[in-house]
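Quantities reported herein were computed from a predicted structural model and do not represent experimental measurements. Here is the naming used below: chain letters follow the sequence lines, and residue numbers restart at 1 for every chain.
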Amino acid sequence: MERYDPHAIEAKWQKVWEEERAFHVPNPKPGDDLPENHWYQLEMLPYPSGPSLHMGHVLNYTMGDVQTHVRRRSGWNVLRPMGWDAFGLPAENAAIREGRHPRETIERNIETMRAQMKRLGWAIDWEREVSAHQPTFYRWTQWLFQQFWKHGLAYRKEAPVNWCPNDQTVIANEYVIDGRCERCGAEVELRNMTQWFFRTTAYADELLEYPGADWPEKTKAIQRNWIGRSEGAEVLFRVDELDLDLPVFTTRPDTLFGATFFVVAPEHPFVEAHASAAAQEYAKRSGAKSTEERAAEKEKTGVFSGHHATNPINGERLPIWVADYVLMDYGTGAIMAVPAHDERDAQFAETFDLPIVPVIDEDGRLVNSARFDGLPAEEGKRAIVAALEEQGRGKATVNYRLRDWSVSRQRYWGCPIPFVHCERCGVVPVPEDELPVLLPDIEDYAPKGKPPLAQNEEYMAVACPQCGGAARRDPDTMDTFVDSSWYFIRYVDSHNGEAAWDPFVVDYWMPVSQYIGGIDHSTGHLLYSRFFVKALNDWGLLGFREPFARLFHQGWVQLGGTKMSKTKGNVAGPDEIVDAYGADAVRLYILFMGPADQDMEWVPEGVEGIVRFLRRLWRVVHEVAERAPSPGRREGELARKANETIVRVTDDVLRRFQFHTPIAAVMELVNELSAATDAPDARFAAETAVSVIQPYAPHVAEELWGVLGHERLWEHPWPEPDEAQLVRDTFELVVQVNGKVRDRVEVEVSLSEEELVARARASDRVAQHLDGGEPRKTIVVPGKLVNFVV
RNA sequence: GCCGAAGUGGUGGAACUGGUAGACACGCCGGACUCAAAAUCCGGUGCCCGCGAGGGCGUGUGGGUUCGAUUCCCACCUUCGGCACCA
């Protein structure tokens with residue numbers, strides 16, 4: 001028996017797979033006899049912003065790999081691509097730190113990461129590889145951007161946006177965490193800028209539904225929170241002396257009679273146009289404070305504006321206050337204040353001694369509400385909205401927390417926005433046959449508060465495609481999440497030079513069967529991608545409405561108690577363990593550490609147990625090959641254990657999506673086998689162990705498959721259990737007295753319930769606990785236990 | 001405050017549909033092999049009482065349902081995640 005030498009084995013088989021294009025999957029063509037079962041296995045694509053993979057990547061992609069192997073060998077046509085999220089801030093910042101051009105840094109990082117991936121032996125179809133920064137990819141990102149514009153889902157407007165003073169760019173709402181930039185942690189500022197937006201709010205309601213997609217409740221709840229749908233009414237309050245209407249949004253139209261004052265946000269246009277000097281002064285002061293600071297204040301503040309608004313339901317004149325507890329960016333920026341039924345309004349009323357009128361009694365019925373008195377609140381809502389609607393002073397509406405997605409970035413390393421600004425024609429798309437608008441190589445791409453491309457005359461000066469006059473390119477680049485909102489579609493048809501994709505091919509493979517990635521993308525990438533697919537489906541470009549049929553979130557691999565990340569610098573990669581013990585050991589270990597959906601602390605020392613297991617497997621299989629009869633029997637104790645192992649591994653991987661328990665199951669089998677390597681059914685047990693561990697440790701499994709006299713395990717059919725062998729003749733009957741286990745007896749499966757009771761009664765230890773008495777009741781669970789109740 | 005998830009040995013964890021709690025590992029203890037060590041192999045290892053046979057306790061806490069609860073129900077505690085002056 002040769003020594004187990006993982007490096008030699010791994011290099012050998014990786015070469016074979018590459019030469020044979022073992023994991024390449026061709027696309028179907030119309031008229032092909034298509035395999036019925038197909039599976040699109042996808043894990044979130046990596047950012048090549050750092051020079052290497054960390055154990056979090058290893059966990060994710062190994063999970064996908066196990067899934068891929070088991071499905072492939074079970075007869076599924078499996079698509080398993082890979083690519084690079086190469087544009088964007090992290091990549092650009094890494095390049096700036098290194099003092100190189102981003103393309104150089106990123107392409108070098110991609111090289112390294114790809115080599116690491118290959119060294120781990122993942123079954124990836126590398127022929128489909130794409131990267132967001134390649135013109136062959138971003139040509140279609142630009143084309144898609146223009147499609148959004150043509151369908152009215154991309155637009156420009158001046159609006160307050162989140163500006164990161166450190167990264168010198170706008171960032172999306174979705175990536176502002178507690179008022180800070182998700183990337184660098186700097187506090188963001190609100191700036192009024194003209195920007196491109198994608199109209200995600202057009203799909204707000206639909207994004208709350210998941211037709212055909214089996215997603216974790218957790219993720220759906222996060223998205224639901226983010227979208228923040230609330231039903232209510234818009235009510236118009238009249239300011240008679242100014243001859244204008246102020247609309248408010250309320251979820252409680254039933255409390256309209258309880259409104260005793262009216263409040264507008266400091267940023268509300270009413271303030272600048274009509275409020276008193278004192279109120280304007282107040283608005284200026286509070287405008288300097290962030291929402292967080294305002295919320296942190298103990299006392300509510302505000303100033304009377306000098307005007308009154310009329311409550312449309314009862315004609316009451318309410319003083320209009322300016323107060324910063326009302327936010328301009330939610331609802332209409334103005335509220336009707338009902339201090340009796342709103343905590344914040346109550347605080348304000350108390351501070352400024354304003355009246356409080358209760359309009360809902362303890363039984364939830366309307367009071368002090370004229371002809372609506374006595375109605376239950378829900379009915380009161382409907383009745384009051386109906387009354388307002390009749391007068392043209394209000395209507396039922398739905399309000400959302402979700403904002404449109406801001407996609408312009410004032411940075412260099414991103415996909416150019418394919419539009420031209422012409423003084424005469426306005427915003428004009430670059431003609432399709434001129435795409436892609438290439439990202440020019442420029443010397444100075446450092447952020448300066450203005451987009452670096454704006455300073456490049458050669459890029460900026462362009463003839464208007466419409467009138468031919470002098471015009472300017474859009475100097476911004478796209479948010480990198482635009483790239484990642486459709487990369488999974490491009491994978492399917494990555495070499496298509498005629499179109500972004502061929503719908504025939506896309507509709508065969510998609511939606512993604514199983515997506516694996518971090519839950520941190522719930523309100524960003526995962527929401528944007530759903531928005532994209534819904535829009536594309538509406539335009540007839542693909543035949544499904546949800547991109548990801550099933551979704552799984554892995555836990556964080558932590559080091560020192562916090563998630564591994566390049567920004568934090570607490571990163572451990574696979575290289576050292578691969579060097580010491582081989583790729584198979586790393587793959588097994590990262591999955592053996594615990595349930596894949598839970599956070600786990602990276603403790604490299606534990607790999608010892610896996611290494612022992614691999615050496616034992618190696619030794620035991622060699623012993624079997626020498627000693628056990630061939631071809632051997634497929635029945636007996638070991639054969640039964642082997643069949644049970646097949647059931648457990650298959651069920652855990654395919655149905656339960658659980659990856660650590662199958663390893664334990666194979667360990668049990670190998671432990672039993674090691675005690676009887678010359679048994680008549682030892683060969684079957686060894687073959688089974690090698691076969692079912694193959695998705696986890698494909699190299700050593702392939703080698704040992706050869707030792708057992710076979711070849712090409714990677715395409716060998718996944719084993720099916722022999723049902724007959726799973727049936728036992730006897731089982732261990734648990735005998736309880738009052739629910740406590742008192743004895744265990746080996747009995748035949750064929751026994752009747754009466755016979756089981758008789759056998760249980762025969763136990764001395766049971767007699768002891770029955771203490772001469774007769775059981776009051778006897779519970780029999782066939783195949784399991786007998787319980788005597790006294 | 002609202003929404004969601006999780007609490008099991010010294011450690012990671014198992015127990016899927018209410019039926020043997022602690023599989024599989026790590027660590028630790030003991031033994032074999034060895035001049036010795038490493039590697040490997042064998043045995044032990046939830047806690048308490050007992051020489052032993054055996055007994056009691058035990059899945060965050062307190063209750064409940066049940067012949068039987070880590071699993072179901074109620075209340076609470078702790079930790080983690082999302083939203084939050086959102087009208």
Under 4.0 Å between a side-chain N/O of A/R224 and OP1 or OP2 of B/C2, yes or no? no
Within less than 4.0 Å of OP1 or OP2 of B/C57, is there a side-chain N or O belonging to A/K740? yes
Give a yes/no answer on whether the side chain of A/H660 brings an N or O atom under 4.0 Å of OP1 or OP2 in B/G13. no
Using a cut-off of less than 4.0 Å, is there contact between a side-chain N or O of A/R616 and OP1 or OP2 of B/C24? no
Using a heavy-atom cut-off of 4.0 Å across all strands, would you classify A/H341 as base, sugar-phosphate, or nothing? nothing
Is A/N671 near enough to B/A25 that one of its side-chain N or O atoms lies under 4.0 angstrom from OP1 or OP2? yes
Could you tell me whether the side chain of A/E732 has a donor or acceptor atom within less than 3.5 Å of a complementary atom in the base of B/U20? yes
State whether A/R656 places a side-chain N or O below 4.0 Å from either non-bridging phosphate oxygen (OP1 or OP2) of B/A15. yes
With respect to the phosphate group of B/A15, does any side-chain polar atom (N or O) of A/Q658 fall under 4.0 Å of OP1 or OP2? yes
Indicate yes or no: does A/R728 engage A/E644 in a salt bridge with an N to O separation below 4.0 Å. yes
Kindly say if A/R612 contacts the phosphate of B/C26, meaning a side-chain N or O under 4.0 Å from OP1 or OP2. yes
Less than 4.0 angstrom between a side-chain N/O of A/Q598 and OP1 or OP2 of B/G13, yes or no? yes
Between B/A39 (C1') and A/Y4 (OH): distance, integer Å: 16 Å
Among the nucleotides B/C86, B/C67, B/A87, which one has an atom lying closest to any side-chain atom of A/T250? B/A87
What's the closest nucleotide to the A/R344 side chain, out of B/A14, B/U20, B/C85? B/C85
A/W405 and A/F481 aromatic centres sub-6.0 Å: no
Can a side chain N or O of A/R615 be found less than 4.0 Å away from OP1 or OP2 on B/U40? yes
Could you check which of B/G19, B/C83, B/C24 has an atom nearest any side-chain atom of A/W226? B/C83
Between A/K777 and B/C67, is there a side-chain N or O to OP1/OP2 distance below 4.0 Å? yes
Would you verify whether the NZ or CZ of A/R530 falls within 45 degrees of the ring axis of A/Y210 while also being under 6.0 Å from that six-membered ring's centre? yes
Tell me the interatomic distance from A/M600, atom CE, to B/A6, atom C1', rounded to whole angstroms. 15 Å
Side-chain ion pair, A/D342 and A/R344, N-O less than 4.0 Å: yes
Once you apply the 3.5 Å cut-off to both distances, tell me the Watson-Crick or G-U wobble partner of B/U66, or none. none
Between B/C86, B/G82, B/G19, which nucleotide has the shortest distance from any of its atoms to the side chain of A/L327? B/C86
